[in-house]
Each structure stands twice: as structure tokens, then as C-alpha cells.
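Have a look at the structure below, then the notes.
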Protein chains: 2
Amino acid sequence: MDNPFAPPGHDHASCVLSALDAAEAVCARRGERLTPLRRRVLELVWRGHRPVGAYDLLAMLQHERGRVAPPTVYRALDFLCEQGLVHRLDSLQAFIGCGQAADHQDGREDGRHRAHFLICRDCGIAVEVRDGQLDGAISHLAGRAGFAISDETIELSGRCADCQNEWIMGA
Amino acid sequence: MDNPFAPPGHDHASCVLSALDAAEAVCARRGERLTPLRRRVLELVWRGHRPVGAYDLLAMLQHERGRVAPPTVYRALDFLCEQGLVHRLDSLQAFIGCGQAADHQDGREDGRHRAHFLICRDCGIAVEVRDGQLDGAISHLAGRAGFAISDETIELSGRCADCQNEWIMGA
DNA sequence: ATTCATTTTGTTATGTTATATCATTTTGTG
DNA sequence: CACAAAATGATATAACATAACAAAATGAAT
């Protein structure tokens with residue numbers, strides 16, 4: 001089966017650019033403002049496919065613009081999360097760029113949407129996944145209990161296929 | 001459908017006692033020590049079916065035994081989590097007693113096991129749920145990606161049936 | 001262009017959650 | 001009893017997050 005952790009020929013520079021473009025488009029459509037600061041924080045979050053801590057982002061911002069305080073970062077992250085451009089991984093207390101911002105399939109009035117993750121504890125990469133069977137099971141479970149879901153935290157930690165292979169190969 | 005948030009005729013005192021008994025049994029079988037401190041922390045976690053913060057527990061302990069420092073609480077919680085007697089809810093940064101400690105169905109060598117939650121944001125009650133369809137969807141999803149799961153964080157927040165009804169009734 | 005209300009950002013201080021480290025006490029074992 | 005291992009106590013600090021208020025930037029209406 002295809003391994004979402006190792007998309008063949010991944011060009012990260014264009015990956016980031018398309019995320020930023022999608023963010024511009026999403027904000028424009030909603031009448032929200034992707035200010036330079038917010039855009040820069042989004043770009044920093046997208047440095048890679050590993051979740052980033054708020055204080056890591058803070059350090060990066062301080063490195064490039066001197067004194068920056070925590071609220072500056074948290075406010076930008078709050079905005080980006082509200083717009084569904086970034087997700088917070090509760091199990092790691094860290095943030096990651098949303099891979100489906102452009103699609104906004106199941107989008108609510110705001111930009112938030114269901115987000116489920118596979119997180120490799122070895123390489124640190126986190127992948128946002130979408131699975132109809134999982135969505136169905138969740139809806140069914142909640143429905144049976146008469147429970148109205150407003151937020152889902154679904155984070156599966158373990159080892160991705162590559163990292164399992166590395167141990168086997170003795171890398 | 002039956003509502004897990006409102007088990008009819010719930011006797012919480014005996015609910016707590018059975019949880020403590022189960023904990024004693026589980027530890028005895030594994031050769032682990034449920035010391036007075038650990039047992040007391042477990043009992044405090046079981047004050048209700050609402051998740052409890054570590055610092056809330058700390059305050060309760062301080063109230064009954066004077067100076068107590070955070071590591072005292074966190075070490076007890078670490079032990080209880082390792083034994084699967086307590087779960088940490090990442091989305092709340094809080095802890096809750098495990099409702100299936102006695103069953104230890106899918107138990108690993110240690111006491112940890114799959115734990116999925118419905119959390120009512122109105123009444124604060126969290127219920128541990130078990131659903132074969134959900135388990136199946138998760139296993140299938142991971143299998144397709146070649147991903148080996150070691151930990152699952154599955155927390156569904158929203159409103160339980162009772163709290164939805166209260167608004168309708170105008171309570 | 002100027003005013004005005006709103007939004008965003010800066011700044012300072014503090015709150016909340018969690019862990020590292022080393023000392024002391026308790027417990028199980030030979 | 002002596003010893004090693006486990007648990008707890010105690011001190012300090014790290015890591016994550018927000019409250020509150022001031023200043024600046026933005027957009028809309030005149």
C-alpha cells in the first residue's frame with residue numbers, strides 16, 4: 001500500500017508555496033487577513049512535516065526580528081488554527097501545517113475541519129489522514145450514545161513504514 | 001440507544017470501591033505495589049467521572065497532608081497510567097480513572113490499553129468507550145499505511161445527550 | 001484627506017503544567 | 001541485620017500558555 005510518510009519525489013519548496021497560496025486564497029474568500037506576521041508563522045510551521053512547538057516558532061521569530069513575546073506567536077497560531085490552516089497536536093503540544101487547507105471539504109462555517117493524524121515517534125513526521133471508514137465509525141459511535149461531537153482529537157502514534165524498515169535493515 | 005453518560009442508578013461510592021478493588025487485584029497479579037499514596041491518588045481521581053488536573057490533585061493532597069510537591073503527584077499518576085488504572089486526556093491535560101481496569105481485555109504486557117473517550121464540554125463528564133467498528137477502522141487505516149501503532153489518542157468532545165436535552169427543556 | 005472604530009501587534013507580567021536532580025525513607029531479600 | 005532496590009521528599013527550574021493594557025496599523029465613511 002502507499003506510504004503517506006514517503007511520497008515519492010516530494011518537492012518541499014513547492015509544497016510550502018502551495019500551502020501559502022492555498023492560505024491566501026482561503027483567507028481572501030472568507031474576508032480574513034493573512035498578515036505578514038501570520039503568513040510568516042505559517043511558513044515557519046511548514047518548515048517540514050514535523051510538528052513544531054510554539055516556543056520553537058518563538059525562537060525562530062526572535063532570531064529574525066529581535067524581541068518577540070509569546071503572545072505574538074500564540075495569537076498567530078490561534079488565527080491559523082481557526083482558519084484550519086494549522087492544527088494543534090494535543091498529544092505533542094505542538095503545531096503542524098494542514099495538508100488539506102485548499103480542499104476544505106468538510107469545512108464548517110469557519111475553516112476548521114476533522115483532522116486525524118499518524119505520528120511517527122522515530123522520525124517525528126506527522127501525516128494528516130482522511131478515512132471514510134474511520135469517520136463512519138466515529139459518527140456511528142457518537143450517534144448511538146446520542147452524543148453531538150464538536151471536536152475530534154485523533155492522533156495515532158507509532159512507527160511509520162520507513163522507520164520500521166530502517167531497523168530491519170540495520171540502518 | 002443507551003446513554004453512557006447517565007447510567008441509571010449509578011452508585012458512585014461502590015463504583016469507586018470496585019475501581020480500587022480492581023486496582024489492588026491488577027497490581028497484585030503483576031507484582032506491582034499499590035502503595036498508600038498511589039491508592040489515595042487513584043481514589044481522588046475517582047472522585048467523579050470528570051477529568052481532574054494534576055494540580056487539583058496536588059491541592060487535595062496538600063489539604064490532607066500539608067506540604068506536597070508536584071513530583072509526588074506526577075509520579076503517582078505516572079504509575080497509575082502505566083498500569084492502565086488512569087488515563088491522561090491530552091485534549092484537557094487532565095486525568096481520569098479507567099473504567100475497564102478490571103477487564104484488561106486488550107491488555108499489553110504492561111497494563112496499558114486502547115482508550116477512547118467521549119467528553120461532554122457542558123457537564124464535564126468523560127466516558128471511556130469501546131467500539132469494535134472504530135478499532136477495526138483504526139487498524140485498517142494503519143495497516144494500509146504500513147504504520148505500527150503504539151499509542152492512540154482518541155478524544156471526542158461535544159455535548160452528551162442529557163446536556164442537549166437540558167437546553168431543549170430550558171432547564 | 002481626516003476622523004473614527006476596529007483589528008492587529010507590542011509589551012509586561014503571570015498562570016498553568018510538568019520534569020530534573022539529589023536527599024531521605026521505606027521495602028523486600030539474603 | 002545488612003544490603004540493594006524502590007518509593008517518596010524536597011528544591012529548583014523548565015516548558016507551555018494566557019491576561020491585561022498600550023500602541024500602531026487598517027478600513028470605512030465622510
Side-chain angles (χ1 to χ4, degrees), chain A residues 23-24 27-28 30-45 50-83 85-96 110 124 153 155, chain B residues 23-24 27-28 30-45 50-83 85-96 110-111 153 155:
Chain A
E24 295 281 7
C27 289
R30 295 194 189 120
E32 298 285 350
R33 298 163 54 193
L34 189 63
T35 62
L37 173 65
R38 290 165 174 175
R39 186 186 158 94
R40 181 59 180 150
V41 169
L42 180 58
E43 196 176 3
L44 290 172
V45 167
R50 290 174 175 80
V52 187
Y55 276 72
D56 293 337
L57 294 167
L58 179 60
M60 296 180 213
L61 282 179
Q62 285 170 334
H63 190 262
E64 59 191 33
R65 38 178 97 178
R67 275 187 264 287
V68 180
T72 298
V73 172
Y74 279 102
R75 284 189 291 225
L77 288 170
D78 285 349
F79 172 83
L80 295 168
C81 287
E82 276 167 17
Q83 298 305 320
L85 301 170
V86 161
H87 296 293
R88 181 177 194 276
L89 296 177
D90 289 335
S91 64
L92 300 176
Q93 296 178 174
F95 300 83
I96 189 164
D110 60 356
T153 298
E155 300 168 19
Chain B
E24 295 281 7
C27 289
R30 295 193 188 123
E32 298 286 349
R33 298 164 55 194
L34 189 63
T35 62
L37 173 64
R38 290 165 173 175
R39 187 186 159 93
R40 182 59 182 149
V41 169
L42 180 60
E43 196 175 3
L44 290 173
V45 167
R50 291 174 175 78
V52 188
Y55 276 73
D56 293 337
L57 294 167
L58 179 59
M60 297 180 211
L61 283 179
Q62 285 170 336
H63 189 262
E64 59 191 35
R65 39 177 97 180
R67 274 185 266 287
V68 180
T72 298
V73 172
Y74 280 101
R75 283 189 291 227
L77 287 170
D78 285 348
F79 172 84
L80 295 168
C81 286
E82 275 167 17
Q83 299 305 319
L85 301 170
V86 161
H87 297 292
R88 181 178 194 274
L89 296 178
D90 289 334
S91 63
L92 300 176
Q93 296 178 177
F95 301 83
I96 189 164
D110 59 357
T153 298
E155 299 168 20

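The chains referred to below are lettered A, B, ... by the order of the sequence lines, with proteins before strands, and numbering in each begins at 1.
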Are E32(B) and F79(B) close enough, and set up right, to give a side-chain contact (heavy atoms from CB on, under 4.5 Å), and what steps lead you there?
-> CA-CA 10 Å; E32(B) 298 286 349; F79(B) 172 84; 3.7 Å; yes
Hits for side-chain contact (heavy atoms from CB on, under 4.5 Å) against D90(B), two or more places apart or cross-chain, chain-then-number order -> D90(A), S91(A), R88(B), T153(B), E155(B)
Less than 4.5 Å apart, side chain to side chain, heavy atoms only: is that true for V41(A) and R38(A)?
no
Check the pair L44(B), V52(B) against side-chain contact (heavy atoms from CB on, under 4.5 Å), reporting the backbone distance first and the verdict last.
-> CA-CA 9 Å; L44(B) 290 173; V52(B) 188; over 6 Å; no
Sorted by chain and number, sequence neighbours left out, side-chain contact (heavy atoms from CB on, under 4.5 Å) with A94(A) holds for P51(A), L92(A)
- Is the backbone of P70(A) close enough, under 3.5 Å, to the side chain of R75(A) for a donor and an acceptor to pair up by distance? no
R65(B) meets the side-chain contact (heavy atoms from CB on, under 4.5 Å) criterion, sequence neighbours left out, with L37(B), R40(B), L61(B), V68(B)
From CG of L58(A) across to C1' of dA15(D) the rounded distance in Å is 12 Å
What protein N or O atoms touch nucleotides 5-11 of chain D N or O atoms at under 3.5 angstrom, if any, and at what distances?
residue : atom : partner : partner atom : Å
dA7(D)  : OP1  : R38(B)  : NH1          : 3.3
dT8(D)  : OP1  : T35(B)  : OG1          : 2.5
dG9(D)  : N7   : R75(B)  : NH2          : 2.6
dG9(D)  : O6   : R75(B)  : NH1          : 3.1

Is the shortest heavy-atom distance from the side chain of Q83(B) to the side chain of R30(B) under 4.5 Å? yes
Sequence neighbours excluded, the answer for side-chain contact (heavy atoms from CB on, under 4.5 Å) partners of C81(A) is V86(A), F95(A)
Rounded to 10°, the angle between the first-five-pair and last-five-pair axes of the helix from dA1(C)-dT30(D) to dG30(C)-dC1(D) is 30°
From OH of Y55(A) across to C1' of dA14(D) the rounded distance in Å is 11 Å
The first and last nucleotides of DNA chain C lying within contact of chain B, meaning any atom under 4.0 Å from one of its heavy atoms, run from dT17(C) to dT27(C)
Side chain to side chain donor-acceptor pair (under 3.5 Å) filter on E24(B), not counting sequence neighbours, yields R39(B)
